[in-house]
Amino acid sequence: MADAITVPSAAGGTAERRSYLNESRGLWSWLYTVDHKRIGVMYLWAVLSMFFLGGVFALLVRLELLTPKRTIMSAEQYNRAFTLHGAIMIFLFIIPSIPAALGNFVLPLMLGAKDVAFPRLNLASWYVYVLGSVFAVTAMITGGVDTGWTFYTPYSTTSASSVTTMTLAAFILGFSSIFTGVNFIATTHKLRAPGLTWYRMPLFVWGMYATSIIQILATPVLGITLLLIVMERVFSVGIFDARLGGDPVLFQHFFWFYSHPAVYIMILPGMAIISEIIPVFSRKTIFGYKAIAWSSVAIAFISFLVWGHHMFVSGQSRLAGAIFSFLTFLVAIPSAIKVFNWLTTMYKGSIEFKAPMMYAVMFLMLFGIGGLTGLFLGALATDVHLHDTYFVVAHFHYVMMGSTTIAFLGGLHYWWPKIFGRMYNEKLATVGAALVFVGFNATFLPQFVLGFRGMPRRYYNYLDQFQPLHAFSTFGSWILGLGLAVAALALVTSLRKKPDAPANPWGGRTLEWEASSPPITHNFEITPVVTHGPYDFYPEREH
Amino acid sequence: MNGIRSILLPVAGSEYARSHDTLLMFILALTVIFFSLIAVLSVTFVWRYRRSRNQGPTPHMTHNTALELTWSIIPGLILLVLFLWGLKGYIAAGVAPLDAMEIQVTGKKWLWAFEYPNGARTINEIHVPVGKPVKLVMTSEDVIHSFYIPTMRIKQDVLPGRYTELWFTPTKAGMHQAFCAEYCGKSHSDMLAKIWVDEEAAYQKWLEEGDEHTRTMPLKDLGRLIWENRGCSTCHSLDGTRGQGPSFKGIWGHAQKLADGKTVVVDANYIRESILMPQAKIVAGYEPIMPTFQGLLREREIQAVIEFIKSLQ
């Protein structure tokens with residue numbers, strides 16, 4: 001293997017090895033940086049802060065729901081808390097989490113490039129993200145927002161809360177997302193190392209590429225829609241408000257035209273990480289490389305044609321409902337194929353069950369539940385009963401949290417040695433992952449039953465009959481919170497020790513493992529030349 | 001299967017609900033089967049092929065066309081069945097029988113108002129006869145609401161400036177809870193309605209006379225019942241807690257400061273006026289959001305509310 005770069009042992013020399021982390025020092029060297037790795041790290045801390053903030057709101061929401069009527073807050077406060085939880089988690093955490101933080105760091109390395117195609121645009125995207133966050137926080141301080149993250153009209157155009165500021169925040173954040181997408185597409189096309197053909201690219205890159213397509217095509221629609229809301233609120237232009245001659249359902253069409261593809265902006269990167277972790281920790285080539293790669297691209301395109309499945313009971317025509325249901329089932333097939341491919345990759349592998357692999361297996365199960373419960377919602381008759389109940393809440397948490405966030409955590413553990421040059425605490429990480437798994441299921445499994453039994457979502461108060469299941473879910477959220485805290489501890493404590501990570505701790509064959517840990521500013525001493533596929537773990541077989 | 005069904009789902013209140021449940025239980029069975037497949041395989045592989053047992057080298061398996069076609073086509077066919085089955089129910093739930101009794105429904109923050117073909121009006125509750133199809137013709141006065149009856153397994157958004165429909169043929173007598181399922185603000189979770197499914201005779205009697213029970217009730221108790229069932233409790237507390245409207249506790253005979261700076265003493269005429277013309281006098285610090293109850297309460301019922309407030313000293 002190309003282990004040309006020597007690895008200093010932890011106890012070794014006193015001088016720290018040269019890397020992107022210590023090349024230059026001081027706050028300004030970070031704020032002015034155009035290095036994709038530093039930008040990735042800045043994104044990482046930013047999205048983790050937002051994950052913490054969104055998590056605090058989640059725990060508050062669950063605590064309030066421990067009992068019917070008032071537990072700790074008023075109805076107005078509750079409505080703001082669940083809105084902020086949703087808006088922060090979606091716009092400020094999940095959407096940028098994997099592409100902008102991990103993707104920014106890893107993608108150019110995987111391609112054997114020195115940086116992304118447009119480094120300045122990359123830095124701009126971070127600043128735009130921060131600006132958007134500032135707007136979002138301003139909205140929270142100046143009265144909060146009580147519309148739900150979906151901003152449905154005419155509620156949102158008549159609400160007295162800071163909807164305008166919040167929609168502007170989401171508008172601005174959209175640009176940061178578009179910048180990242182443009183950068184990844186250009187980088188993938190133009191900056192691949194010699195020998196790195198499309199079918200030799202890691203599946204993570206394929207996933208990022210598919211994600212970028214959606215980011216570029218769908219995000220502008222959200223931006224325009226949110227601006228239309230501002231127009232209606234500020235200038236009373238009748239677009240969505242029936243009293244002004246508008247159509248409230250039109251908003252839902254516009255909104256979901258972005259937000260359903262956005263679901264795939266969130267899940268494709270998660271699948272992309274899993275496609276890296278499973279072959280590396282099974283030391284076995286991926287099964288069905290092309291199927292996985294092209295199913296990502298297929299999902300990216302079909303995802304634009306299924307938005308109406310959020311609107312089966314909205315008053316859209318029955319025919320439209322039928323067509324959207326059909327297309328929704330169509331998009332389920334590529335997802336199922338991926339799961340079977342990952343399982344087959346593990347078959348007869350040589351499996352090392354460390355924290356990243358634990359998260360990958362958790363992903364398979366939780367995404368399994370998330371995907372399969374989607375069948376209840378894709379089928380028209382059952383969706384009518386379950387729409388806007390806790391069943392939907394549980395379903396999308398299994399996909400957003402149970403799948404994407406779990407994959408993000410797996411990827412964070414997987415690339416942590418590469419990013420910071422230090423091995424995380426394996427034992428503690430294992431305990432954290434197990435607690436997250438137990439806590440997550442304890443929180444969200446009862447919510448499926450709540451939904452079956454008819455408990456609507458976004459309810460401050462509820463009938464006494466639902467109390468035991470709500471209480472169970474709230475207890476689960478505490479275990480989940482504890483698990484995440486332990487996982488954070490396992491990672492962050494490693495930052496205090498000396499760099500001890502070898503260049504390739506897991507035996508991966510994609511290019512980022514040929515760079516040192518952490519990499520030098522220009523990534524590679526010599527531009528690598530690729531002569532094998534991304535998951536060929538046995539060089540002697542290469543011809 | 002029926003045991004699981006009764007744990008997971010509420011009572012099935014109509015034939016449609018029964019057939020819906022068959023589909024739901026079918027999907028549940030698929031979910032359990034496929035999830036078990038994923039869970040068992042992944043755990044088995046992790047254990048059986050753990051590195052300490054299987055050092056490799058691992059086989060070089062890149063693809064297998066027959067296998068991949070199998071696991072694409074079989075799920076594809078299952079999904080097609082689900083699509084058609086779901087569509088069948090969706091169409092059945094969408095087309096009301098021509099002889100259905102129509103009830104007009106108006107949703108507004110945060111109550112449901114109903115009007116019968118004979119002009120009878122109710123708030124937050126309706127009575128319907130068992131075994132007869134009922135069609136709800138719904139609209140909203142403000143934002144989007146959604147009328148949801150879990151026991152009938154039906155739901156439909158209620159939009160401003162437009163009519164939407166929902167229908168069901170109840171087969172089970174008793175109370176069926178309805179919810180607002182589209183988030184509509186502060187008291188969204190209290191925007192509930194009760195659907196009383198009565199035997200034919202009981203229904204006819206209710207139509208003519210209202211409730212036997214309420215007709216003979218003392219005024220004060222009737223007042224409390226109206227407070228609970230007709231939407232007052234959503235905004236007016238009995239314990240002094242501030243809601244969307246002033247609490248009823250201890251206001252009788254006391255002066256109230258109004259938004260226009262005047263004061264008014266709470267007496268029978270003031271309460272009567274506030275029920276029928278709620279915008280006439282607004283208590284300082286509150287918004288003029290109360291809907292009128294003109295035509296919704298019988299004369300005796302207004303008296304009952306007055307007596308009830310009087311009793312809350």
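Per chain, numbering begins at 1; letters A, B, ... match sequence-line order.
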If you take the centroid of each ring, where Trp contributes its six-membered ring, are [Y] and [X] closer together than 6.0 Å?
X         : Y         : value
Phe376(A) : Phe452(A) : yes
Phe240(A) : Phe151(A) : no
His385(A) : Phe391(A) : no

Out of [options], return the one with the most heavy atom pairs under 4.5 angstrom to chain B.
options                                    : value
Tyr460(A), Phe448(A), Tyr535(A), Tyr462(A) : Tyr460(A)
Gln465(A), Lys290(A), Arg283(A), Met357(A) : Arg283(A)
Gly349(A), Gly371(A), Ala360(A)            : Gly349(A)
Glu76(A), Met365(A), Lys348(A), Met455(A)  : Lys348(A)
Thr153(A), Val449(A), Ile337(A)            : Ile337(A)
Thr345(A), Thr389(A), Leu372(A)            : Leu372(A)

Leading residue by heavy atom contact count with chain A [cutoff under 4.5 Å; candidates [options]]:
options                                 : answer
Leu80(B), Asn64(B), Leu30(B), Ile91(B)  : Asn64(B)
Ala17(B), Gly76(B), Cys184(B), Gly89(B) : Cys184(B)
Asp21(B), Leu28(B), Ile154(B)           : Leu28(B)
Leu159(B), Leu87(B), Leu24(B)           : Leu24(B)
Ile27(B), Val143(B), Ile38(B), Thr58(B) : Thr58(B)
Thr62(B), Leu84(B), Leu41(B)            : Thr62(B)

Indicate whether any N or O donor in one side chain lies under 3.5 Å from an N or O acceptor in the other, for [X] and [Y].
X         : Y         : result
Ser159(A) : Asp146(A) : yes
Asn441(A) : Tyr398(A) : yes
Tyr183(B) : Asn79(A)  : yes

Go through the atoms of [X] and report whether side chain, backbone, both or neither lie under 4.5 Å from a heavy atom of chain B.
X         : value
Thr157(A) : neither
Ser325(A) : both
Asn341(A) : both
Thr150(A) : neither
Gln77(A)  : neither
Phe82(A)  : side chain
Arg457(A) : backbone
Ala381(A) : both
Val339(A) : side chain
Ile286(A) : backbone
Leu450(A) : neither
Val361(A) : side chain
Tyr347(A) : both

Measure from NZ or CZ of Arg318(A) to the centre of the six-membered ring of Tyr90(B) and say whether it is under 6.0 Å with the direction within 45° of the ring axis. yes
Can the positive tip of Arg242(B) be found less than 6.0 Å from the middle of the six-membered ring of Tyr286(B), inside 45° of the ring normal? yes
Is [X] close to chain A through its backbone or its side chain, or both, or neither, when contacts mean heavy atoms under 4.5 Å?
X         : result
Phe35(B)  : both
Ile144(B) : both
Pro75(B)  : side chain
Glu68(B)  : side chain
Arg162(B) : side chain
Gln177(B) : side chain
Leu67(B)  : side chain
Lys109(B) : side chain
Leu166(B) : neither

[atom1]-[atom2] distance between [X] and [Y], expressed to the nearest 0.5 angstrom:
X         : Y         : atom1 : atom2 : result
Met191(B) : Lys108(B) : CE    : NZ    : 10.0 Å
Glu352(A) : Phe281(A) : CD    : CZ    : 6.0 Å
Asp157(B) : His145(B) : CG    : NE2   : 10.5 Å
Trp47(B)  : Ser42(B)  : CH2   : OG    : 14.5 Å
Asn461(A) : Glu64(A)  : CG    : CD    : 9.0 Å

State whether Lys155(B) and Asp388(A) are salt-bridged, where the test is any N-O pair (Lys NZ or Arg NE/NH1/NH2 against Asp/Glu carboxylate O) under 4.0 Å. no
Shortest non-hydrogen contact between [X] and [Y], atoms and distance:
X         : Y         : result
Leu79(B)  : Ala332(A) : CD1-CB, 3.8 Å
Met61(B)  : Phe287(A) : O-CD1, 3.8 Å
Trp227(B) : His236(B) : NE1-O, 2.9 Å

Answer yes or no: is there a donor N or O on one side and an acceptor on the other, between the side chain of Ser282(A) and the main chain of Lys284(A), under 3.5 Å? no
As a quick check of understanding, evaluate side-chain contact (heavy atoms from CB on, under 4.5 Å) for Thr241(B) and Arg70(A), giving each step before the final call. CA-CA 12 Å; Thr241(B) 314; Arg70(A) 185 188 175 100; over 6 Å; no
